[in-house]
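Just so it is clear, the values below take in all heavy atoms, side chains as well, and ignore hydrogens, waters and symmetry mates.
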Amino acid sequence: MKERNVDVAIIGSGSAGLNAMGQVRRAGKSFVLINGGEPGTTCARVGCMPSKAMIQIAEDYHRRTHLGKFGIDGHEEMTLDIPEALEHVQDLRDTFVDRVLGSSTDDMPEDLFVQDYARFIEPTLIEVAGQRIRAKAVVIATGSRPLVPELWKAFGDRVITTDEIFELEDLPAAMAVIGLGTIGLEIGQSLARMGVKITGFDAVDHIAGAQDPEVNQSAIELLGKEFPIHLGAPAEIAAEGDRLRVTAGEQSVLVDKVLCSIGRVPNVEGLGLEILGVPLDARGIPSFDPNSMQVGDLPVFIAGDVSGYRPILHEAGDEGKIAGYNAARIDSGAAPARFRRKVPLFINFCDPNICAVGTRWNALDPETAAVGQIKLAPVGRALIMGKNKGVIRVYADKATGRILGSEMIGPKGENLAHLLCWAIEQGLTVGELLRMPFYHPVIEEALQAALYDLYSKVEAKNSGGITELEPLAD
Ligand SMILES: Cc1cc2nc3c(=O)[nH]c(=O)nc-3n(C[C@H](O)[C@H](O)[C@H](O)COP(=O)(O)OP(=O)(O)OC[C@H]3O[C@@H](n4cnc5c(N)ncnc54)[C@H](O)[C@@H]3O)c2cc1C
Ligand SMILES: NC(=O)c1ccc[n+]([C@@H]2O[C@H](COP(=O)([O-])OP(=O)(O)OC[C@H]3O[C@@H](n4cnc5c(N)ncnc54)[C@H](O)[C@@H]3O)[C@@H](O)[C@H]2O)c1
């Protein structure tokens, strides 16, 4: 079998793999990029981008339900052309995929971009497409795919995942969404708003991965107004004629299709990771350092969703950069560089957005943490928008006032979560945040109100006579 040598072999041309390639190129090292399956990245093909395109349509169409209150007539007659809407999602998806391919692999020669599934023969020897590639370092960036229980696969295209939903040309009348994590809520709510009769199920008693009980309760209440939500029992599926009966505990519903959104599994089958000689966890992932992305003490690095560490886009990109940077420098003899990871930021784009930042509720020490909150109901700008629903909860260290984290459900949560995340990155205290300007009337005033509540509960207070203003030195 033909064998050739490169400095770095990157397995997977998703967002993590492409970022790794960028670093290797910048370091002037030779490489091969290997991709089994469709190129174009999960984000652009079946992930972030088509899902947000669908959410946008659903949200704009849903907006008609507020218009009557504003005196805008004609909204009752508004209809949604589903095939046209789905075609628009597909067109946008194709644009995003073309952009990714155009700026990455489109013009790469076959010896640099090998399209097949790779397999480890040794930690630095890869077999792919009938050839062997000896690399000084290897980056594993093979991503993940939707988890579908074996039994449910027998229902064919009546049980679909996000890998199939953006291919549909029309929508069924009734669907169950099993799994109300990120995907289940984003897509389930969109489908409901587009006119599909949705019933949601989750085995646990919280949705959207919410940990803060106030946020979880508000989320269940608000989303539950749009479609029935059944929690606390795992769902099962049985065929009933050409339809499907979904049952969970006492609850049961007959539907045309099921969206299976019960999580994702890493793409590791056939990779032969066992030959690395590093202990593998229950998901088949070798132990690695999340600051260097190094696997054990091997010249092997892991990045992106396959690691399961932080399966979101900007983190996959960061992990790809770290892995690529270190892989390109493996022959320097120095230990791989370790990088500080960013403050965790998570945004669920359902409406209202559900977000989590920094230290999560379950990790807070009730002895040392203070919690401030604001319910959105009285917030002026939210009221004007007709979106004064939800709650913002912000956590700080009681003694120092330093912001630790937040969980929230509210309008423009995506923006407020960024502000808080950047404040935590900067090590700011609640007092320092209150000294920032807040325009009027903006949704940030909701955050300001939560911060005032939090300020009243922390010991560290601002110096000078006015909380919001820094006194000038004489
Ligand atoms: C519906 C949905 C919505 C999402 N929305 C968001 C969002 O709004 N914001 C956000 O931050 N994140 C979102 N995500 C998550 C985000 O898409 C992922 O974190 C990101 O795409 C992961 O990139 P990756 O490079 O790790 O994997 P991928 O992009 O999946 O790349 C892995 C590549 O490896 C290839 N491969 C697999 N096995 C092998 C093998 N053995 N040999 C060679 N190649 C192989 C695959 O074919 C694939 O091309 C969403 C995900 C989904 C599914
Ligand atoms: N906005 C975003 O950033 C975004 C959007 C979509 C997806 N993603 C990424 O995709 C990943 C996967 O999303 P996901 O929603 O599939 O997974 P998830 O882990 O967020 O949610 C899965 C849910 O399914 C439930 N579940 C599992 N088995 C069940 C059963 N038999 N019956 C009922 N419920 C069951 C779990 O309790 C959980 O709540 C996320 O972790 C995230 O990283 C991110």
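No hydrogens or angles considered: nothing links the side chains of N5 and R134 as a donor-acceptor pair under 3.5 Å. Defined by atom type and a distance below 3.5 Å, a donor-acceptor pair is present between the side-chain atoms of Q56 and D60. Side-chain polar atoms of T95 and D98 form no donor-acceptor pair below 3.5 angstrom. Defined by atom type and a distance below 3.5 Å, a donor-acceptor pair is missing between the side-chain atoms of T142 and N267.
Nearest heavy atoms, E226 versus D351: OE2-O, 4.2 Å. Between A118 and I34, the shortest heavy-atom contact is CB-CG2, 3.9 Å. Heavy atoms only, all atoms of each residue included: I424 and G358 are closest at CD1-CA, 4.3 Å. Listed here is the closest heavy atom pair of G372 and D453: CA-OD2, 3.4 Å.
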May I have the step-by-step check of side-chain contact (heavy atoms from CB on, under 4.5 Å) for D111 and R4, ending in yes or no?
-> CA-CA 10 Å; D111 60 326; R4 61 188 172 111; 4.1 Å; yes

Would you check, one step at a time, whether the test salt bridge (Lys or Arg N to Asp or Glu O under 4.0 Å) holds for E167 with R45?
-> CA-CA 10 Å; E167 293 298 327; R45 286 190 317 106; over 6 Å; no

Just do the salt bridge (Lys or Arg N to Asp or Glu O under 4.0 Å) check on R310 and E319 with the steps written out, would you?
-> CA-CA 9 Å; R310 291 185 184 174; E319 291 182 0; over 6 Å; no

Full working for salt bridge (Lys or Arg N to Asp or Glu O under 4.0 Å) between K398 and E459 | CA-CA 6 Å; K398 219 183 270 178; E459 287 153 23; over 6 Å; no

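E444 and K412 are not joined by a salt bridge, as no carboxylate oxygen comes within less than 4.0 angstrom of a charged side-chain nitrogen. The pair E432-R402 does not meet the salt-bridge criterion, since no charged nitrogen lies less than 4.0 angstrom from a carboxylate oxygen. D331 and K29 are joined by a salt bridge, as a carboxylate oxygen and a charged side-chain nitrogen come within less than 4.0 angstrom of each other. Under a 4.0 Å N-O distance rule, the pair R119/E127 qualifies as a salt bridge. Electrostatic pairing of E269 and R145 counts as a salt bridge here, judged by a charged N lying under 4.0 Å from a carboxylate O. A salt bridge is defined here as a Lys NZ or Arg NE, NH1 or NH2 lying under 4.0 Å from an Asp or Glu carboxylate O, and R435 with E470 fails to meet this definition.
Under the 3.5 Å distance criterion, the side-chain polar atoms of Q131 are left unmatched by any main-chain donor or acceptor of E3. In this structure, the side chain of Q90 engages the main chain of L168 through a donor-acceptor pair within 3.5 Å. A donor-acceptor contact shorter than 3.5 Å is absent between the side chain of K257 and the backbone of I160. Side chain of D106 to main chain of S103: no donor-acceptor pair is present (N/O by atom type, distance under 3.5 Å, no hydrogens or angles). Checked by atom type and distance alone, the side chain of S13 never pairs as donor or acceptor with a backbone atom of N35 at under 3.5 Å. When atom types are taken as modelled, the side chain of N326 and the backbone of S292 share a donor-acceptor pair closer than 3.5 angstrom. Although no hydrogens or angles enter the test, the distance criterion places no donor-acceptor pair under 3.5 Å between the side chain of S218 and the main chain of E214. Using modelled atom types, one side-chain atom of Y455 and one backbone atom of N462 make a donor-acceptor pair closer than 3.5 Å. With hydrogens and angles ignored, the 3.5 Å screen pairs a side-chain donor or acceptor of E186 with a backbone N or O of F349. The backbone N or O of L313 sits nowhere less than 3.5 Å from a side-chain atom of D305 that would complete a donor-acceptor pair.
Remark: Y395 pairs with W361 by the ring-ring contact (aromatic ring centres under 6.0 Å, His included) rule, at least two apart or across chains. When the ring-ring contact (aromatic ring centres under 6.0 Å, His included) test is applied to W152, no partner is found at least two apart in sequence or on another chain.
A 6.0 Å sphere centred on CD of Q211 holds more than 12 heavy atoms belonging to other residues, nucleotides or ligands. Crowding of K387 atom NZ: a count of heavy atoms from other residues, nucleotides or ligands under 6.0 Å exceeding 12. The environment of R329 atom CZ is dense: over 12 non-hydrogen atoms of other residues, nucleotides or ligands sit within 6.0 angstrom.
When each of R341, Q294, R338 is tested with I322 by the rule side-chain contact (heavy atoms from CB on, under 4.5 Å), just one qualifies, namely R341.
Close placement of the Y325 and F339 rings is indicated, their centers lying within 6.0 Å of each other.
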